[in-house]
Amino acid sequence: MPELPEMEHYRSQLSPLLCGQRITGVTVNRAKTINEPIEAFESALRGRTILFVERKGKHLLFHLDDGHRLHLHLMLGGWLAYGEQGPKKDSHFQVILRFGDGNSLFFGGLRLGYLHRITAKAALEEMKELGPDPFDSRLTLEAFGKRLSGKKGKLKTTLTDQRFLAGIGNCYSDEICFDAKLHPAAAASSLDSASVERLYNSIRKVLVEAKEVGGYMEHPLTPDDTLTGGYNDQCRVYDRKDEPCLVCGTPIKFETLTGRKMFYCPNCQKDS
DNA sequence: AGTTGGACCCGGACGC
DNA sequence: TGCGTCCGGGTCCAAC
């Protein structure tokens with residue numbers, strides 16, 4: 001479930017904690033989470049130093065001093081914790097990285113999620129299909145409008161397409177459409193120029209707001225982290241079926257669109 | 001090309 | 001309290 005704001009929040013919190021840290025211990029409790037035999041994974045990581053943490057869409061890449069990357073995707077339910085001890089028993093975490101200063105990074109809830117050790121080249125290869133970051137300065141309103149006009153699908157489907165933009169998922173696509181007063185099932189290429197501009201601005205506005213209040217992850221990263229999860233009660237439409245629209249009071253509608261949950265206000269959100 | 005449906009996975013919610 | 005069942009959700013892939 002974590003989307004761009006959650007992963008960016010993780011990245012910015014983890015960067016000062018992890019940069020320059022040397023991995024002194026590795027525990028893997030779930031073999032499927034990683035991409036090589038546990039022994040090989042552990043011995044390759046032990047002694048390595050984390051240089052920096054990079055985010056691409058919903059992916060995190062931990063850059064190691066041997067040219068390899070640890071590639072993390074949390075998928076649904078994945079979460080991270082950092083500190084001297086984890087918030088649960090060690091055995092509940094799929095992977096634990098221990099550092100020289102006594103702190104550890106705990107990887108929890110990885111069911112479909114994964115932590116792969118790959119080369120820099122492989123990382124580039126795996127990220128090359130991703131669309132631009134929503135905050136990429138080259139993604140001007142004009143460039144965005146051009147990309148959008150070439151899409152034949154529905155608006156929500158387009159927003160969650162990682163090749164169109166990297167990092168938007170089910171929750172924020174609905175929140176963005178609400179903010180832009182656009183129906184999520186509208187044809188993406190049918191929007192008039194005023195709508196395209198509202199959408200462009202809403203993407204940045206919603207993602208920035210969510211990031212600033214700590215995203216919607218439930219677990220704090222560290223014991224003294226009070227910021228994480230601040231967006232939980234700020235969703236205006238997502239998971240608010242039948243609750244009144246915060247703008248007009250109309251009950252929020254819930255439908256599925258190509259198999260995914262879709263929440264919107266039938267009064268505020270129009271087709272173009 | 002876009003849409004649909006199934007597979008993947010298992011913690012947590014729910015029912016009895 | 002305990003045990004069984006089912007759901008969810010991002011991504012990939014095959015079939016329309």
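Quick note on labels: first sequence line is chain A, next is B, and so on, each numbered from 1.
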query = So A/His59 and A/His73, would you call those rings parallel, tilted or perpendicular, with 30° and 60° as cut-offs?
reply = perpendicular
note = Of A/Leu257 and A/His219, the one whose nearest nucleotide on DNA chain B sits closer to the 5' end is A/Leu257
inquiry  = Testing the 3.5 Å rule here: is there a donor-acceptor pair between the side chains of A/Gln21 and A/Asp101?
reply    = yes
task = Using a cut-off of strictly less than 4.0 Å, decide whether A/His73 has a side-chain nitrogen or oxygen near OP1 or OP2 of C/dG10.
result = no
task = Send over the distance from A/Met75 CE to B/dC9 C1', rounded to a whole Å.
result = 9 Å
request  = Considering just the side-chain nitrogens and oxygens of A/Lys88, establish if one lies under 4.0 Å of OP1 or OP2 belonging to B/dG12.
outcome  = yes
ask   = Can you list, by residue number, the residues of residues 167-176 of chain A that have a non-hydrogen atom closer than 4.0 angstrom to DNA chain B?
value = none
key: Nearest-angstrom distance from the residue atom NZ of A/Lys58 to C1' of C/dG9   = 10 Å
key: Length of the line joining A/His92:NE2 and B/dC10:P, which is rounded to integer Å   = 14 Å
remark   = Rounded to whole Å, CG of A/Leu76 lies from C1' of C/dG9 at a distance of 5 Å
query = Should the ring pair A/Phe62 and A/Phe107 be called parallel, tilted or perpendicular, given that the plane angle runs from 0 to 90° and is split at 30 and 60?
reply = perpendicular
remark   = A/Leu110 CG to C/dG8 P, in whole Å, measures 21 Å
task = Figure out the CD/C1' separation between A/Gln162 and C/dG10, and round it to whole Å.
result = 8 Å
task = For B/dT4, take OP1 and OP2 only and decide whether either is under 4.0 Å from a side-chain N or O of A/Arg260.
result = no
message = Which heavy atom of A/Phe263 sits nearest to which heavy atom of A/Ile252, and what is that distance?
response = CB-CG2, 4.1 Å
query = Given B/dG2, is OP1 or OP2 found less than 4.0 Å from the side-chain N or O atoms of A/Lys154?
reply = no
query = Are A/Tyr10 and A/Tyr82 near enough that their ring centres are under 6.0 Å apart?
reply = no
inquiry  = Need one value for A/Arg30: base, sugar-phosphate or nothing, where a base atom within 4.0 Å counts as base even if backbone is also close, heavy atoms only.
reply    = sugar-phosphate
request  = Check every strand shown and say whether A/Thr160 touches a base, only sugar-phosphate, or nothing at a heavy-atom separation below 4.0 Å.
outcome  = nothing
query = Please give, in whole Å, the distance from B/dA1 P to A/Lys151 NZ?
reply = 10 Å
message = Please report the end-to-end axis angle for the helix from B/dG2-C/dC16 to B/dC16-C/dG2, five pairs per end, rounded to 10 degrees.
response = 40°
inquiry  = One thing to verify: whether A/Arg198 and A/Asp179 come together as a salt bridge, which I'm taking to mean a side-chain N less than 4.0 angstrom from a carboxylate O.
reply    = no
query = For A/Leu159 and B/dG2, what is the distance between atoms CG and P respectively, to the nearest whole Å?
reply = 14 Å
inquiry  = Has A/Glu3 got a side-chain atom pairing as donor or acceptor with A/Tyr172's backbone, closer than 3.5 angstrom?
reply    = yes
message = So for atom CZ, which belongs to A/Arg204, do other residues, nucleotides or ligands contribute more than 12 heavy atoms lying within a distance under 6.0 Å?
response = yes
inquiry  = At less than 4.0 Å, is any side-chain N or O atom of A/Lys261 found next to OP1 or OP2 of C/dG8? Yes or no.
reply    = no
request  = Would you check, one step at a time, whether the test side-chain contact (heavy atoms from CB on, under 4.5 Å) holds for A/Trp79 with A/Glu218?
outcome  = CA-CA 9 Å; A/Trp79 55 283; A/Glu218 290 179 16; over 6 Å; no
inquiry  = I want to verify a distance call: between B/dG2, B/dT3, B/dG11, whose nearest atom is closest to the A/Arg111 side chain?
reply    = B/dG11
query = Could you walk me through whether A/Asn103 and A/Leu17 pass the side-chain contact (heavy atoms from CB on, under 4.5 Å) check?
reply = CA-CA 9 Å; A/Asn103 285 301; A/Leu17 298 171; over 6 Å; no
Sugar-phosphate only, base, or nothing, as touched by A/Gly77 at under 4.0 Å among non-hydrogen atoms = nothing
